[in-house]
Number of protein chains: 2
Amino acid sequence: MRHFTFPGFYDKRDHLKKSKYPVRSPENSFREDRLKTMQVPPDLKYDEKGLIPAIIQDSRDNRILMVAYMNAESLNKTVETRLTWFWSRSRQKFWQKGETSGNIQRVKEIFYDCDKDTLLIKVDQTGPACHTGEQSCFFRSFNEHGE
Amino acid sequence: MRHFTFPGFYDKRDHLKKSKYPVRSPENSFREDRLKTMQVPPDLKYDEKGLIPAIIQDSRDNRILMVAYMNAESLNKTVETRLTWFWSRSRQKFWQKGETSGNIQRVKEIFYDCDKDTLLIKVDQTGPACHTGEQSCFFRSFNEHGE
């Protein structure tokens, strides 16, 4: 049946199967392949200012790192670049996390909740996430004797 | 110096030290003791509607379960009862998570972020957190091939 496909197709796959690089297939997909299919759901609910809160979670230990706000454009930039982009409510401008500090967040996966009004973004965090130098922005508790 | 305290004080402590029940002390405090000191920070920042978002995290595996909004009164109720109370923006009323379903959240610890405008509440979740029956409200991802 080989003559029904373009010349060399099976040869290339056979060659790859024998090489150290695995053949990409639905059963054997690269994580990068899966990330390529990332799509913004069309029915996300933004608030009256056009914003949606994004919880940033460390993909390695599930620690919550920070919360910031995105608008539709910064979310698209985040999906395109696989780096987190937010909308600063106080400065009224886009900012990429780590743009100046170098403490960037590589996006691994984006979830949204049942109400479609909150995002949960799992990232690989470089350096501390908080501007104070703490790993997480949630470093203080209501419990005076807390750890 | 024993005569400066009330009679039997040291005897009781000595008795407890030898028993299977540990004596409570700053060095050897019960978790319950520490929870008793939980206090709402006076300078939390609520939004223009008097609300603050609360991220609810499973204390056992750090999974994010849901996000809901509290006002000052529901936060006080949460601290007092050690159960989560929210303010429903759509129904304009208080609701206690699990009040009807039984899927309650026992509060273990409350954190707040560097901006003091977001809460992170670690809970022991009974049953699923989401009204859909899913364990977490964040059960859908942008990735069509995601898990």
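Here is how names work: the chains are called A, B, and so on, in the same order as the sequence lines, proteins then strands, and each is numbered from 1.
Cluster annotation: A:Met38 is connected to A:Val40 through the hydrophobic network of ILVMFWY side chains, with a link wherever side-chain heavy atoms come within less than 4.5 Å. Follow the hydrophobic side-chain contacts under 4.5 Å out from A:Val107 and you reach A:Val79 in the same cluster. A continuous path of Ile, Leu, Val, Met, Phe, Trp and Tyr side chains, each step under 4.5 Å between heavy atoms, connects A:Val123 with A:Trp95, placing both in one hydrophobic cluster. In the hydrophobic clustering of this structure, B:Trp85 does not group with B:Leu119; members are Ile, Leu, Val, Met, Phe, Trp, Tyr whose side-chain heavy atoms approach within less than 4.5 Å, directly or through other members. Residues B:Phe86 and B:Tyr46 share a hydrophobic cluster, clusters being chains of Ile/Leu/Val/Met/Phe/Trp/Tyr side chains in contact below 4.5 Å.
For the atom pair SG (B:Cys130) and CG (A:Asp113), the distance works out to 8.0 Å, reported to the nearest 0.5 Å. Distance check: A:Ile110 CD1 to B:Arg140 CZ gives 15.0 Å after rounding to the nearest 0.5 Å. A distance of 10.5 Å separates CG of A:Leu120 from CG of B:Leu65, quoted to the nearest 0.5 Å.
Here the shortest heavy-atom pairing between A:Ile55 and B:Phe138 reads CD1-CZ, 4.2 Å. Taking each heavy atom of B:Phe139 and A:Cys114 in turn, the nearest pair found is CE2-CB, 4.0 Å. B:Tyr112 and A:Ser141 get closest at one heavy-atom pair: CE2-O, 3.9 Å.
Looking at B:Glu109 and A:Asn143, their side chains come closer than 4.5 Å, going by heavy atoms from C-beta outward. Within the 4.5 Å cutoff, the side chain of B:Phe142 has no heavy atoms near those of the A:Thr78 side chain.
Residue with the most contacts toward chain A among B:Pro53, B:Pro41, B:Ser136: B:Pro41 (heavy-atom pairs, distance under 4.5 Å).
For B:Asp117, the part lying near chain A is the side chain, with the backbone staying farther off; criterion is any non-hydrogen pair under 4.5 Å. In this structure, chain A has a heavy atom under 4.5 Å from the side chain of B:Leu44, while its backbone stays farther away. Heavy atoms of A:Leu75 lying under 4.5 Å from chain B belong exclusively to its side chain.
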* Please test B:Lys49 against A:Glu48 for salt bridge (charged side-chain N to carboxylate O under 4.0 Å, His left out), starting from the C-alpha separation and ending with a verdict. => CA-CA 13 Å; B:Lys49 291 173 189 156; A:Glu48 61 277 11; 3.2 Å; yes

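When atom types are taken as modelled, the side chain of A:Gln57 and the backbone of B:Asn62 share a donor-acceptor pair closer than 3.5 angstrom.
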